[in-house]
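Before I ask anything, here is the structure I am working with.
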2 protein chains.
Amino acid sequence: MRLSTRGRYGTRLMLELAKNYGEGPKSVSDISKNLNIPVKYLEQLIIPLKKAALISSVRGPKGGHMLSRPAEEISLWHILTLLETKFSFVDCLTDDGVCERIATCPIRPFWNEALRGMRKLFRETSLLDVLISSRGSQRPAAQNPAD
Amino acid sequence: MRLSTRGRYGTRLMLELAKNYGEGPKSVSDISKNLNIPVKYLEQLIIPLKKAALISSVRGPKGGHMLSRPAEEISLWHILTLLETKFSFVDCLTDDGVCERIATCPIRPFWNEALRGMRKLFRETSLLDVLISSRGSQRPAAQNPAD
DNA sequence: TCGAACTATACTCTGACAATATATATTAAA
DNA sequence: TTTAATATATATTGTCAGAGTATAGTTCGA
């Protein structure tokens, strides 16, 4: 139940671009320095985000990348589904063929319900929402009791 | 964002025991046949569940394992935290040392909020809840639009 | 005392993921 | 028009957690 590096780096990247929205393109090498992410790895993440029209690029010197829409119109869900290969608790929610027990499985409906809840939250949270709420209060993380 | 086999098999196991609660111990070989899980792998999963007093065992012939409490007193959260090694979206929620950017990270608070939501749902769902809701309606899974 | 069951530890194997390497194409500025 | 900085595309290597197996030992009821 961990996010992959692609998902984590990808959200970092998009938040960085969101910060600089309206200020022209930002080069990959700049982003790489700021975020501590290898240049070549960043370039791989950018490709699907471009195809989905979340990012626009400008080639040549002084070129780079930028959001193609305002930060409030891009949700975390959109980003993560593009970058995470399996973004659900269990495979049987997206592929019917992976398990023969689907018809009688008692817990599959629950995984689906949990996924729906997560999707709702992630869809309702935009890049702008994240930036605003973090700017306000850098409150210490809430308790994580082990049980 | 996939559950590991340990988590999936573990919940299967516990649901199987929940079904037979009150009928005495169930042998590992029986469980293995019913659930299509290797005997040796099952035995590994049982150990932490026993240590946490969710399972009681009886040795010798006709021995086996059973829930040590009613199914309504065992939550999915309890089971999954025992079996999943990293049960949070990002490591920095549980280990402070893994990232130097924590102080300024804009998205960590969001991961924490998402985890809290998930924990709430999983805590409020017991083995009995799962069995009851699945017994009622084996409704087809809800839509999973890609975006 | 026998066998069926549980306990413990160590080991191997595999695949997804992270990261790097190489080569090519584009284009603004000098 | 040349150059340098940038983006694009594909292929390759490396790494590690997780899945599964193997072996040896312990307990206890019939």
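Reminder, nothing fancy here: chain letters follow the sequence lines and each chain counts from 1. What you see is a predicted model; the values in this text were computed from it and never measured.
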Give the residues of residues 24-37 of chain B touching DNA chain C, defined as any heavy atom closer than 4.0 Å, sorted by residue number.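 DNA chain C contact set from residues 24-37 of chain B: B:V28.
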Report the distance from atom CG of B:L3 to atom P of D:dG18, rounded to the nearest whole Å.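 Answer to the nearest Å: 12 Å.
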Using the side chain to side chain contact (heavy atoms under 4.5 Å, CB included) rule, pick out the option among A:I46, A:L49, A:I55 that qualifies with A:L17.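 The single option meeting the side chain to side chain contact (heavy atoms under 4.5 Å, CB included) with A:L17 is A:I55.
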Would you kindly give the CG-to-P distance between A:L83 and C:dA16, to the nearest whole Å?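 In whole Å, C:dA16 P and A:L83 CG are 18 Å from each other.
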Considering only heavy atoms, which members of residues 38-61 of chain A lie under 4.0 Å from some atom of DNA chain C?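 Within this stretch, A:P38, A:K40, A:Y41, A:Q44, A:R59, A:G60, A:P61 sit under 4.0 Å of the strand.
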How long is the line joining CZ of A:R6 and P of C:dC17, in whole Å?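 After rounding, the reported distance stands at 9 Å.
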Distance, rounded to the nearest Å, where B:R8 contributes CZ and D:dG20 contributes C1':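 Result: 13 Å.
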Centres of the A:F122 and B:F110 rings: under 6.0 Å?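 Distance test on ring centres: under 6.0 Å, yes.
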Minimum heavy-atom separation for B:C105 to B:P109, with atom names?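 The pair with the smallest heavy-atom distance is O-CD, 3.8 Å.
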Salt bridge check: are A:E124 and A:K120 linked by an N-O gap of less than 4.0 Å?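 A:K120 and A:E124: salt-bridged.
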Output the distance between atom CG (A:L131) and atom CG (A:L128), rounded to the nearest 0.5 Å.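 Rounded to the nearest 0.5 Å, the CG-CG separation comes to 6.5 Å.
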Side chain to side chain donor-acceptor pair (under 3.5 Å) partners of residues 60-69 of chain B, not counting sequence neighbours, each pair once: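 Pairs touching residues 60-69 of chain B that pass the test: B:S57-B:H65.
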Carboxylate-amine/guanidinium contact A:R116 A:E113, below 4.0 Å: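 No, this pair does not count.
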Distance, rounded to the nearest Å, where B:H65 contributes NE2 and D:dT27 contributes C1':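 Between C1' of D:dT27 and NE2 of B:H65: 13 Å.
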Output the rounded distance in Å from OH (B:Y9) to C1' (D:dT21).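 B:Y9 atom OH is separated from D:dT21 atom C1' by 14 Å.
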To the nearest angstrom, how far is A:R2 atom CZ from D:dA17 atom C1'?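 Distance, rounded to whole Å: 8 Å.
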